Amino acid sequence: GQTFNRAFIPDNKKTFAMTIVGIDPAVDRQMRTYTLTRGRFLTPGERAHNVVLVEKFALDRKIALDDTISAILPDNREAKLKVVGLMASEGAGQLGTGSVGFVTLEVARSLFDRGERLDQIDLIAKEEIANSPAAVTQMKERLQKTLGDHFVVALPAATGESVSQALG
């Protein structure tokens, strides 16, 4: 599961919008590619306000590994986030055109008062389903019917990921 949250990073001259994505590091790396270039990735269950940024986003804003950045939350509270990792602009690093930071679900829930609500849940299809476009379509239709109109069931290509990347 993931949560998507908006925050703003004030700079000397202007403020930059950033999406803060809450993830479960134990399972999210099975779903999408995180290519670390420096530092470390998040560890499951960590509650420290640590963030992994896209390296280009960080360099463009003169943010370095181990820096603590200030993020202005939608309710105007300020959150301090320590940069523990930098990642390449590929895979998950392409979300939000690279203006994205990853924190654990626990941290996102505490910062944004989200409770147990999630914005996205990713599933991995069994190989026999994944290898058959007809079976994938049938699975998608069954899930949509089961979940109803309040939810959107989409294939990876519809969410900006290639099917091969998601299945890989």
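All residue numbers refer to positions in the sequence shown, counting from 1. Only a predicted model underlies this, so the values are computations on that prediction, with no experimental measurement involved.
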Measure across Ile20 and Ala71 and return the closest heavy-atom pair with its distance rounded to 0.1 Å. CD1-CB, 4.5 Å
Note: Leu111 and Ala79 closest approach over all heavy atoms is CD2-CB, 3.6 Å
Could you grab the distance from atom CG of Leu147 to atom CZ of Arg142, nearest 0.5 Å is fine? 12.0 Å
Derivation and outcome, side chain to side chain contact (heavy atoms under 4.5 Å, CB included), residues Leu53 and Arg61: CA-CA 11 Å; Leu53 299 176; Arg61 287 149 189 85; over 6 Å; no
d(Ile129 CD1, Thr137 OG1) to nearest 0.5 Å is 11.5 Å
Above 12 or not: heavy atoms from other molecules or residues under 6.0 Å from CZ of Phe16? yes
When every non-hydrogen atom of Ser70 is compared with those of Glu78, the smallest separation belongs to OG-OE2, 2.7 Å
CE of Met87 to CD of Glu55, rounded to nearest 0.5 Å, is 10.5 Å
Enter the distance from Phe41:CZ to Glu46:CD here, rounded to the nearest 0.5 Å. 9.5 Å
Has the side chain of Gln144 got a donor or acceptor atom that lies under 3.5 Å from a matching backbone atom of Val153? yes
Run the numbers on Val83 and Ile63 for side chain to side chain contact (heavy atoms under 4.5 Å, CB included), then give the verdict. CA-CA 8 Å; Val83 181; Ile63 299 169; 3.8 Å; yes
hydrophobic_cluster_shared for Phe57 and Leu36, side chain cutoff 4.5 Å: yes
Just wondering, do Lys140 and Leu155 contact through their side chains at under 4.5 Å, heavy atoms? yes
The reported gap from OG1 in Thr43 to CG in Asn50 (rounded to nearest 0.5 angstrom) is 8.0 Å
Taking everything shown except Glu127 itself, do over 12 heavy atoms lie less than 6.0 Å from its CD? no
Donor-acceptor contact present, side-chain Thr37 to main-chain Leu86, <3.5 Å: yes
What are the two closest non-hydrogen atoms of Ala26 and Pro44, and how far apart are they? CB-CG, 3.7 Å
Please report the shortest heavy-atom distance between Ala92 and Arg32, naming the atom on each side. CB-CD, 3.7 Å
Would the number of heavy atoms belonging to other residues, nucleotides or ligands and lying under 6.0 Å from CZ of Arg40 be above 12? yes
Are Thr104 and Pro25 close enough that some pair of their side-chain heavy atoms sits under 4.5 Å apart? yes
For side chain to side chain contact (heavy atoms under 4.5 Å, CB included), just list the numbers for Gln138 and Ser132, CA-CA rounded to whole Å, side-chain angles, deciding distance to a tenth of an Å, and then say yes or no. CA-CA 10 Å; Gln138 186 180 34; Ser132 164; over 6 Å; no
Interatomic distance, Lys82 atom NZ to Asp67 atom CG [nearest 0.5 angstrom]: 10.0 Å
Just wondering, more than 12 heavy atoms not from Lys56 lying within 6.0 Å of its NZ? no
Identify the heavy atoms of Val100 and Gly93 that sit nearest to each other, and give their distance. CG1-O, 4.5 Å
Check the orientation of Phe102 and Tyr34. Use parallel for under 30°, tilted for 30 to 60°, and perpendicular for over 60°. perpendicular
Are the side chains of Val52 and Val84 in touch, meaning some heavy atoms are under 4.5 Å apart? yes
